[in-house]
2 protein chains.
Amino acid sequence: MADESRAGRAPSIRDVARIAGVSHQTVSRVLNDHPSIRVETRARVQQVMDDLQYRPNRAARVLVTSRSQTIGVLASAASMYGPASSIQALEQAARAEGYFVNTVNLDGTDRDSIERGLNHLLDQAVEGLVVIAPQVRVFETFHDMNISLPFVTLQSTVASQNALSVDQITGARLATRHLIDLGHRNIYHLAGPQDWIEAEARMHGFLSEMSDRDVAATAPILGDWTAEFGYYAGRELLRVRDFTAIFSSNDQMALGLIHAIREAGLDVPRDVSIVGFDDIPESAHFWPPLTTVRQDFAELGRRAIALLLGTLDDQIAGQPGLVPDLIVRGSTAPPIF
Amino acid sequence: MADESRAGRAPSIRDVARIAGVSHQTVSRVLNDHPSIRVETRARVQQVMDDLQYRPNRAARVLVTSRSQTIGVLASAASMYGPASSIQALEQAARAEGYFVNTVNLDGTDRDSIERGLNHLLDQAVEGLVVIAPQVRVFETFHDMNISLPFVTLQSTVASQNALSVDQITGARLATRHLIDLGHRNIYHLAGPQDWIEAEARMHGFLSEMSDRDVAATAPILGDWTAEFGYYAGRELLRVRDFTAIFSSNDQMALGLIHAIREAGLDVPRDVSIVGFDDIPESAHFWPPLTTVRQDFAELGRRAIALLLGTLDDQIAGQPGLVPDLIVRGSTAPPIF
DNA sequence: TCTAGCCATGTGCACGGTCACATTGTGATG
DNA sequence: CATCACAATGTGACCGTGCACATGGCTAGA
């Protein structure tokens with residue numbers, strides 16, 4: 001019937017060309033801002049494109065150029081505060097550079113899940129990869145796959161060209177030092193899951209600082225990041241009350257700890273001092289407001305894109321990495337003797 | 001040099017065909033599980049594909065079929081607890097149905113941002129859209145664009161075929177009723193931003209319930225969802241202490257309120273009862289544990305996919321929508337007279 | 001034995017762009 | 001005035017798949 005485009009297919013470059021009375025190549029040139037086009041011609045073609053509501057077919061373009069202008073993000077634990085913040089910032093940074101971002105949430109840490117996610121991204125012909133692999137397992141599995149694409153890993157605290165992270169050891173040391181400086185000598189550490197790279201780094205930082213200051217440390221407790229776990233761990237710890245401070249590996253567990261402590265009729269920070277990690281937005285309004293270690297997740301995301309796109313200035317590149325800050329609030333105080 | 005594939009291009013269906021000694025179409029059949037292929041042939045082709053590490057070119061496939069097997073998610077506020085939970089569940093559900101998911105985080109609520117995000121998804125030839133549009137503005141702007149694609153909107157409390165949401169009004173009524181039943185008569189409502197659909201619905205639910213029970217209501221306070229705001233609003237409210245309970249439109253603001261109340265030397269729930277909304281995982285460990293309204297965000301995400309793919313059983317389709325639950329914990333008690 | 005019908009496979013084109021190269025016309029230069 | 005460079009445009013092939021249709025062989029029924 002209509003002579004425009006048949007079979008429900010969207011108008012193509014050739015439809016535009018025919019109506020505008022030019023060759024398909026000229027239309028392509030308009031599309032790509034080629035300099036050698038008469039203003040008048042460009043305008044006419046543009047007009048037809050608007051009339052037809054023409055939109056270039058990305059698949060066709062990707063097919064011939066093998067370039068997608070897309071960066072893939074492989075994220076595990078994407079709903080946690082840190083990763084979520086990084087992703088958001090990263091997406092914005094990428095967009096500013098003219099790139100698209102495709103995010104895949106892994107549904108597990110097993111090799112299969114990772115492969116599935118990776119395949120999805122490779123199918124999209126992504127040109128680079130940002131891997132948020134906070135778990136050892138994901139990190140290693142990913143590396144084993146030896147990808148030929150340029151990629152950057154986030155939150156993995158590994159001395160490497162393309163691994164970006166906030167210095168967890170320093171952060172943990174800061175937290176621990178703060179407690180020691182306040183006079184605490186019996187300090188527990190509620191760590192994250194064993195298979196999380198950053199959890200291990202924080203634990204390491206804690207133990208190093210304790211040892212450097214000649215304070216005896218008990219074995220850290222391995223948690224699962226949830227407030228729930230912090231609560232039960234707190235209850236357990238309170239059965240033998242042989243500590244005056246706890247350094248929790250994240251804010252949620254710290255919240256659970258405080259809950260347990262207070263439920264036992266004790267006070268934070270009078271009876272027990274608590275330090276968290278991450279500085280989630282809620283921490284400032286816990287009761288008491290939580291002393292914690294702040295990491296700049298957004299900056300991490302931005303740097304990932306900069307590194308990936310190679311637009312990293314020497315200035316930033318020369319920096320030793322992101323350093324976290326200790327935010328002292330109300331959950332820490334000197335111990336009572 | 002090598003006779004395999006030239007110019008760094010990945011091996012194609014034809015490379016596989018040549019080496020396996022069949023036509024490219026036969027390879028295509030193996031790829032698509034066509035029934036009429038001799039087992040032996042299939043095995044041989046499969047072997048070559050493995051050897052070459054062949055992976056089908058999605059762009060080519062999309063180009064010819066105009067089907068992408070991809071669902072687009074247009075998300076605003078994707079880092080908030082609700083949307084994030086829905087997205088994660090939705091992604092999993094889609095994957096189970098053999099679909100991929102592409103998520104775009106809007107970087108603003110203006111028309112331009114929405115258009116950019118939408119264009120990105122359309123470029124990917126998505127076959128359906130899930131729009132997480134909790135703000136009025138996003139919701140309306142999106143509808144104005146009258147998309148020809150099938151789509152579902154989430155979190156928008158609108159009576160419509162393709163708008164899915166938890167019943168906010170009921171939720172707000174539940175919270176309010178709980179407070180009234182406890183004996184409270186001076187109840188404030190700390191609402192969400194005016195331009196959020198669900199904030200308005202909750203406010204509406206609050207006012208309706210108050211009016212139904214003949215309890216006079218003061219004008220709600222318009223917040224911004226943050227604990228920070230809740231804190232300052234609390235401080236402000238406490239200057240004239242003319243209430244015994246506050247229903248906060250989300251848990252974060254409730255946290256801020258509790259902070260302010262406690263800082264003023266008062267107790268929750270003895271002096272003031274607080275009810276939140278959402279039941280974020282931390283709420284159970286606030287001090288006191290927060291009475292709040294739980295919404296099943298994950299189910300919402302799953303239903304979005306089911307609705308979009310039309311696999312929704314009549315049973316579910318007939319249901320009136322998701323109903324939230326009141327979770328009574330420690331932040332509410334009868335008022336002191 | 002002939003033929004219909006199905007199985008297994010092959011041939012050629014279409015999808016919607018980009019790229020390399022060809023073809024004009026035009027003004028500057030010697 | 002011939003030559004040349006360049007601007008503006010056109011032509012045809014190609015990217016890697018899937019689809020429609022063709023082909024040949026084999027089996028079963030008339």
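Convention: sequence-line order gives letters A, B, ...; per-chain numbering from 1.
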Provide a list of protein-nucleic acid N or O atom pairs under 3.5 angstrom, restricted to nucleotides 18-21 of chain D.
residue, atom, partner, partner atom, Å
dG18(D), OP1, Asn32(B), OD1, 3.4
dG18(D), OP1, Asn32(B), ND2, 3.4
dG18(D), OP1, Arg61(B), NE, 2.7
dG18(D), OP1, Arg61(B), NH2, 3.2
dG18(D), OP2, Ser28(B), OG, 2.7
dG18(D), OP2, Asn32(B), ND2, 3.4
dC19(D), N4, Gln25(B), OE1, 2.5

Could you tell me if Ser36(A) and Arg29(A) have a donor-acceptor pair between their side chains, going purely by distance under 3.5 Å?
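Looking only at side-chain atoms, Ser36(A) and Arg29(A) do not form any donor-acceptor pair under 3.5 Å.
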Among side-chain atoms of Gln47(A) and Asp51(A), is any donor-acceptor pair under 3.5 angstrom?
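Short answer, yes.
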Does any part of the side chain of Pro134(B), heavy atoms only, come nearer than 4.5 Å to the side chain of Ser76(B), both counted from C-beta?
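Yes, side chains in contact.
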Calculate the interatomic distance between [X] atom [atom1] and [N] atom [atom2]; express it in whole Å.
X: Asp123(A); N: dT17(D); atom1: CG; atom2: C1'; result: 13 Å
X: Asn57(B); N: dG16(D); atom1: CG; atom2: P; result: 7 Å
X: Arg42(B); N: dA8(C); atom1: CZ; atom2: C1'; result: 11 Å
X: His34(A); N: dA8(D); atom1: NE2; atom2: P; result: 9 Å
X: Ile37(A); N: dT18(C); atom1: CD1; atom2: P; result: 12 Å
X: Arg58(A); N: dG17(C); atom1: CZ; atom2: C1'; result: 13 Å
X: Arg67(B); N: dC15(C); atom1: CZ; atom2: P; result: 19 Å

Ala60(B) or Ser23(B), whichever maps to the more 5' nucleotide of DNA chain C:
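Of the two residues, Ser23(B) wins.
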If you take all heavy atoms of [X] and [Y], which pair is closest and at what distance?
X: Asp296(B); Y: Leu322(B); value: O-CD1, 4.3 Å
X: Ala94(B); Y: Val101(B); value: CB-CG2, 3.4 Å
X: Asn105(B); Y: Glu91(A); value: N-OE2, 2.9 Å
X: Gly117(A); Y: Leu106(A); value: CA-CD2, 4.3 Å

So if I take every side-chain heavy atom of Leu63(B) and compare against dT9(D), dG17(C), dC15(C), which nucleotide ends up nearest?
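Closest of the options to the side chain of Leu63(B): dC15(C).
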Side-chain N or O of [X] closer than 4.0 Å to phosphate OP1/OP2 of [N]:
X: Thr41(B); N: dT9(C); answer: yes
X: Arg38(B); N: dC7(C); answer: no
X: Thr26(A); N: dA8(D); answer: no

Would you classify Val62(B) as touching base, sugar-phosphate or nothing, given that sugar-phosphate means primed atoms plus P, OP1 and OP2, and contacts are heavy atoms under 4.0 Å?
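Result for Val62(B) = nothing.
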